[in-house]
Amino acid sequence: DTGVSQDPRHKITKRGQNVTFRCDPISEHNRLYWYRQTLGQGPEFLTYFQNEAQLEKSRLLSDRFSAERPKGSFSTLEIQRTEQGDSAMYLCASSKGTGEQPQHFGDGTRLSIL
Amino acid sequence: EDQVTQSPEALRLQEGESSSLNCSYTVSGLRGLFWYRQDPGKGPEFLFTLYSAGEEKEKERLKATLTKKESFLHITAPKPEDSATYLCAVQRGGSYIPTFGRGTSLIVHP
């Protein structure tokens with residue numbers, strides 16, 4: 001069990017650029033989540049996959065954000081035309097697909113917008 | 001809308017000084033309450049799941065309890081390595097998306 005892996009750990013980019021993050025979940029977990037966390041706040045839900053199906057997206061999620069999980073394995077989160085307010089830690093978590101299973105988090109990608 | 005309020009926002013303890021963190025919640029049909037520990041620059045690390053009022057779980061110096069309105073994380077004789085932010089999250093029945101609180105930042109001084 002290698003845990004949830006996220007890449008890159010840090011990303012610095014200029015405003016207006018596109019960025020893409022990758023998440024590799026724990027292998028037997030079929031649920032995958034993306035969260036955003038800013039300083040002093042708890043993780044804020046962005047979107048959720050069960051296998052390859054994207055089942056829910058936050059109403060607060062801008063259409064500049066898109067996520068995929070091809071073949072139900074790794075996932076990518078893309079942010080287009082980045083803005084200053086996108087600066088945050090982006091966390092990925094995975095869980096087993098039965099009942100109220102706890103989520104296991106990666107160490108996140110810290111995004112800084114110049 | 002589900003709500004989770006954690007208090008205090010920050011807590012400073014001396015090594016060995018026991019205390020409790022509070023997580024008050026409002027959720028329709030609680031199916032699970034989760035406690036996580038988060039170190040700076042890291043993702044949250046799972047500690048406990050509580051499912052029903054009266055339930056208790058323990059791990060080393062930590063003990064989590066649950067009532068119908070709140071959960072407590074009791075820390076007995078803390079050590080400096082217990083310093084971290086502790087997050088509480090609730091999940092309602094029929095949803096697989098937890099709602100997180102803002103966390104309590106704990107610092108334990110040697």
Side-chain angles (χ1 to χ4, degrees), chain A residues 1 3-7 9-10 21 23-26 29-51 53-61 88-112, chain B residues 1-11 21 23-25 27 29-52 55 57 59 64 66 71 73 84-106:
Chain A
D1 179 358
V4 177
S5 176
Q6 292 190 246
D7 183 71
R9 292 296 316 279
H10 304 276
F21 311 140
C23 171
D24 288 273
I26 294 172
H29 288 182
N30 64 345
R31 293 184 190 154
L32 186 147
Y33 303 77
W34 285 99
Y35 292 88
R36 176 171 58 195
Q37 187 178 28
T38 54
L39 193 63
Q41 303 293 317
E44 174 192 20
F45 169 74
L46 295 179
T47 190
Y48 150 61
F49 291 84
Q50 180 150 328
N51 300 312
Q54 187 174 19
L55 296 186
E56 195 158 341
K57 292 171 61 175
S58 168
R59 292 173 303 204
L60 303 176
L61 194 62
M89 174 77 88
Y90 289 84
L91 293 164
C92 176
S94 68
S95 71
K96 293 182 180 179
T98 55
E100 289 67 45
Q101 295 294 326
Q103 298 178 7
H104 297 269
F105 285 81
D107 283 337
T109 294
R110 179 164 296 283
L111 174 65
S112 298
Chain B
E1 182 178 337
D2 302 340
Q3 290 190 330
V4 179
T5 303
Q6 292 190 246
S7 62
E9 289 186 10
L11 181 63
L21 313 182
C23 171
S24 296
Y25 64 89
V27 63
L30 177 73
R31 294 299 295 272
L33 184 143
F34 307 95
W35 281 98
Y36 290 85
R37 168 195 171 122
Q38 187 172 25
D39 292 301
K42 301 285 189 178
E45 175 189 350
F46 170 71
L47 293 173
F48 304 110
T49 306
L50 301 168
Y51 295 101
S52 58
E55 188 174 3
K57 295 245 177 110
K59 179 180 178 181
L66 180 66
S71 176
L73 185 64
T85 294
Y86 290 85
L87 295 165
C88 171
V90 297
Q91 190 166 310
R92 63 165 54 198
S95 171
Y96 298 113
I97 301 165
T99 298
F100 281 84
R102 293 185 175 184
T104 292
S105 175
L106 173 66

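Side-chain atoms are counted along with the backbone in the values below, which use heavy atoms only and exclude waters and symmetry mates. Letters A, B, ... mirror the listed sequences (proteins, then strands); counts begin at 1.
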What part of A/R110 is in contact with chain B, defined as an atom under 4.5 angstrom from a non-hydrogen atom: side chain, backbone, both or neither?
neither
Which heavy atom of A/D107 sits nearest a heavy atom of B/G43, and at what distance?
OD1-N, 3.0 Å
Side chains of B/P98 and A/Y35, heavy atoms from C-beta outward: is any pair under 4.5 Å?
yes
OG1 (B/T85) and CD (A/Q37) are apart, to the nearest 0.5 Å, by 8.5 Å
Region of B/Q38 that comes under 4.5 Å of a non-hydrogen atom in chain A:
side chain
Name the orientation class of the two ring planes belonging to A/F105 and B/Y36 (parallel below 30°, tilted from 30 to 60°, perpendicular beyond 60°).
perpendicular
Options B/K42, B/E9, B/Q6, ranked by heavy-atom pairs under 4.5 Å with chain A, top entry
B/K42
Determine the minimum heavy-atom distance between A/L91 and B/P44, stating which atoms define it.
CD1-CD, 4.0 Å
Bottom line for B/F48: the part with an atom under 4.5 Å from chain A's heavy atoms is neither
Just verifying a value: how many Å separate B/I97 CD1 and A/Y48 OH, rounded to the nearest 0.5 Å?
7.0 Å
Grab the two heavy atoms, one from A/P43 and one from B/L87, that are nearest each other, plus how far apart they are.
CD-CD1, 3.9 Å
What are the two closest non-hydrogen atoms of B/Y96 and A/Q103, and how far apart are they?
O-NE2, 3.7 Å
Heavy-atom cut-off 4.5 Å, strictly under: side chain, backbone, both or neither for A/E56 against chain B?
side chain
